[in-house]
Amino acid sequence: MRVYDVDLTSRLLLGTAQYPSPAILTEAIRVSGCEVITVSLRRETADGSGAGFWDTLSETGARILPNTAGCHSGQEAVTTAHMAREVFGTNWIKLEVIGHGDSLQPDVFGLVEAARILCAEGFAVFPYTTDDLVVGDKLLAAGCEVLMPWGAPIGSGQGLRNPDALRSMRAHFPDTPLIVDAGIGRPSDACQAMELGVDAVLLNTAVAKAGNPVTMARAMADAINAGRAGWDAGPMERRDMAVPSTPVLGLAGLT
């Protein structure tokens, strides 16, 4: 997978919040094989008290994708992105502009405007968005080179609420990397997303809050690989009627 001129071999991106311990976090990253991890600026503080967490992340060797989690306006997200670039030393940013407090649904109007500003300033923007085609078009016009549609509300574990919408996004944006972000709860959800032709999956809670996060991280990686292989293989079309798999030619005739 190629995003913003960077080649990645893993199609799993992991969040770093809510893990039972730093040791479990680093082991989950290792067994999953993921190469990109997201982190909120709020895990780092101006007085340096977040240095231990930063050291833990640095030791994994994964690329850091800071996010603007918790921002409820475009301007707040832009300011947070500027701070994240200084703290983490990267122009990559996962752009979140939350518009609804309960569902954490993106404010797509603030999102597009913030993306336009940040792309013009040289950021590589990964926008957390809905599965709306018009919003996707506007984000690409703003300068984004990847789209991150939600599967379901953040942390809900509901899986893919609208697979048809994701299927439409794949058809409408055939050359744009699509990363399903939010809502994945089980390996089967991740596999289903990949079978729809998306390029990658970003998840956090499903691994961090699992009974055994390390085992779940490995399961998610395996599911994503299986789903991608299924998409690449060209799955058969669904049919309304049964079609015999055994040929009828040559069957014995009974009289």
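For this chain, numbers begin at 1 and follow the sequence in order. A quick note: this is a predicted structure, and the numbers were derived from the prediction, not measured. Any value given below was found using the heavy atoms of this structure, including those in side chains, with hydrogens, waters and symmetry copies removed.
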**Student:** Check whether Thr16 reaches the backbone of Thr38 with its side chain - one donor and one acceptor, N or O, closer than 3.5 Å.
**Tutor:** yes
**Student:** For residues 213-224, run the donor-acceptor check on the side chains, cut-off 3.5 Å, and write out each pair with its distance to 0.1 Å, sequence neighbours left out.
**Tutor:**
residue: Thr215; atom: OG1; partner: Asn212; partner atom: OD1; Å: 3.3
residue: Thr215; atom: OG1; partner: Asn212; partner atom: ND2; Å: 3.3

**Student:** Looking only at non-hydrogen atoms, find the nearest pair between Pro163 and Leu196 and report the distance.
**Tutor:** O-CD1, 3.8 Å
**Student:** Measuring from atom CG of Asn204 to atom CG of Leu13, what distance do you get when rounded to the nearest 0.5 angstrom?
**Tutor:** 11.5 Å
**Student:** Could you tell me whether a side-chain N or O of Gln105 sits under 3.5 Å from a main-chain N or O of His100, the two making a donor and an acceptor?
**Tutor:**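 No; judged by distance alone, with no hydrogens or angles, the pair does not exist.
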**Student:** Quick check: do Met169 and Leu133 have side-chain heavy atoms less than 4.5 Å from each other?
**Tutor:** yes
**Student:** Do Leu104 and Val112 sit in the same hydrophobic cluster, where Ile, Leu, Val, Met, Phe, Trp and Tyr count as joined when their side-chain heavy atoms come under 4.5 Å apart?
**Tutor:** no
**Student:** For residues Thr68 and Ala77, report the shortest heavy-atom separation together with the two atoms involved.
**Tutor:** CG2-O, 3.5 Å
**Student:** Please check if the side chain of Glu76 supplies one atom and the backbone of His72 the other of a donor-acceptor pair under 3.5 Å.
**Tutor:**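 Pair found, side chain donor or acceptor close to backbone of His72.
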**Student:** Would you say Leu166 and Leu12 are hydrophobically clustered, going by side-chain heavy atoms of ILVMFWY under 4.5 Å?
**Tutor:** yes
**Student:** To the nearest 0.5 Å, what is the distance between OG on Ser73 and CG on Leu111?
**Tutor:**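 So the gap between those two atoms works out to 12.0 Å.
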**Student:** May I have the step-by-step check of side-chain contact (heavy atoms from CB on, under 4.5 Å) for Arg167 and Asp164, ending in yes or no?
**Tutor:** CA-CA 5 Å; Arg167 190 178 290 109; Asp164 287 338; 2.6 Å; yes
**Student:** Answer yes or no: are there more than 12 heavy-atom neighbours, outside Met83 itself, under 6.0 Å from its atom CE?
**Tutor:** no
**Student:** Donor-acceptor pair, distance only, cut-off 3.5 Å: does the side chain of Asp7 make one with the backbone of Arg2?
**Tutor:** no
**Student:** Nearest 0.5 angstrom please: Ile184 CD1 to Ile154 CD1, how far?
**Tutor:**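 Rounded to the nearest 0.5 Å, the CD1-CD1 separation comes out at 12.5 Å.
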**Student:** Quick one: side chains of residues 226-242, donor-acceptor pairs under 3.5 Å with protein atoms, not counting sequence neighbours, listed by atom name and distance.
**Tutor:**
residue: Arg228; atom: NE; partner: Asp232; partner atom: OD1; Å: 3.4
residue: Arg228; atom: NH1; partner: Val198; partner atom: O; Å: 3.4

**Student:** Could you check whether any side-chain N or O of Tyr4 sits under 3.5 Å from a backbone N or O of Val125, counting only pairs where one atom can act as donor and the other as acceptor?
**Tutor:** yes
**Student:** Are Val108 and Phe126 connected, step by step, through hydrophobic side chains (Ile, Leu, Val, Met, Phe, Trp, Tyr) whose heavy atoms are closer than 4.5 Å?
**Tutor:**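 Yes, because Val108 and Phe126 connect within a single hydrophobic cluster, where side-chain heavy atoms sit under 4.5 Å apart.
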**Student:** Scan for side-chain hydrogen bond (donor to acceptor under 3.5 Å, both in side chains) pairs involving residues 176-191, sequence neighbours excluded, and state none if there are none.
**Tutor:** Lys94-Asp181
**Student:** Of the non-hydrogen atoms in Ile29 and Ser32, which two are nearest, and what is the gap between them?
**Tutor:** O-OG, 2.9 Å
**Student:** State, to 0.1 Å, how close Asp107 and Gly110 come at their nearest heavy-atom pair, and which atoms those are.
**Tutor:**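 Shortest heavy-atom separation between Asp107 and Gly110 comes out as OD1-N, 3.2 Å.
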**Student:** Please identify each residue that fulfils ring-ring contact (aromatic ring centres under 6.0 Å, His included) with Phe109, with sequence neighbours left out.
**Tutor:**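 Testing Phe109 for ring-ring contact (aromatic ring centres under 6.0 Å, His included), a comparison that skips the adjacent residues, returns none.
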**Student:** Return each pair, listed once, that meets ring-ring contact (aromatic ring centres under 6.0 Å, His included) where at least one residue sits in residues 136-191; pairs must be two or more places apart or across chains.
**Tutor:**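 Output for this query is empty, none listed.
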**Student:** Identify whether the distance between the nearest side-chain nitrogen and carboxylate oxygen of Asp131 and Arg170 falls below 4.0 Å.
**Tutor:** no
**Student:** Is a side-chain donor or acceptor of Gln18 paired with a backbone partner of Thr205 at a separation under 3.5 angstrom?
**Tutor:**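 Here the side-chain-to-backbone pair does not exist.
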**Student:** Quick one: closest heavy-atom pair of Met1 and Asp199, and the distance?
**Tutor:**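 Here Met1 and Asp199 meet closest at SD-O, 3.6 Å.
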**Student:** Would you compute the distance between atom CD1 of Ile93 and atom CD1 of Ile64 and round it to the nearest 0.5 angstrom?
**Tutor:** 11.5 Å
**Student:** Could you measure the distance from the CD atom of Glu96 to the OG1 atom of Thr80? Nearest 0.5 Å is fine.
**Tutor:** 10.5 Å
**Student:** Which atom names give the shortest non-hydrogen contact between Val180 and Ala193, and what distance separates them?
**Tutor:** CG2-CB, 4.2 Å
**Student:** Can you name the residues that form a side-chain hydrogen bond (donor to acceptor under 3.5 Å, both in side chains) with Glu113, not counting sequence neighbours?
**Tutor:** Arg116
**Student:** What's the separation between atom CD1 in Ile179 and atom CE in Met148, rounded to the nearest 0.5 Å?
**Tutor:** 5.0 Å
**Student:** Walk me through it: do His82 and Leu118 pass the test side-chain contact (heavy atoms from CB on, under 4.5 Å)?
**Tutor:** CA-CA 9 Å; His82 290 160; Leu118 292 174; 4.2 Å; yes
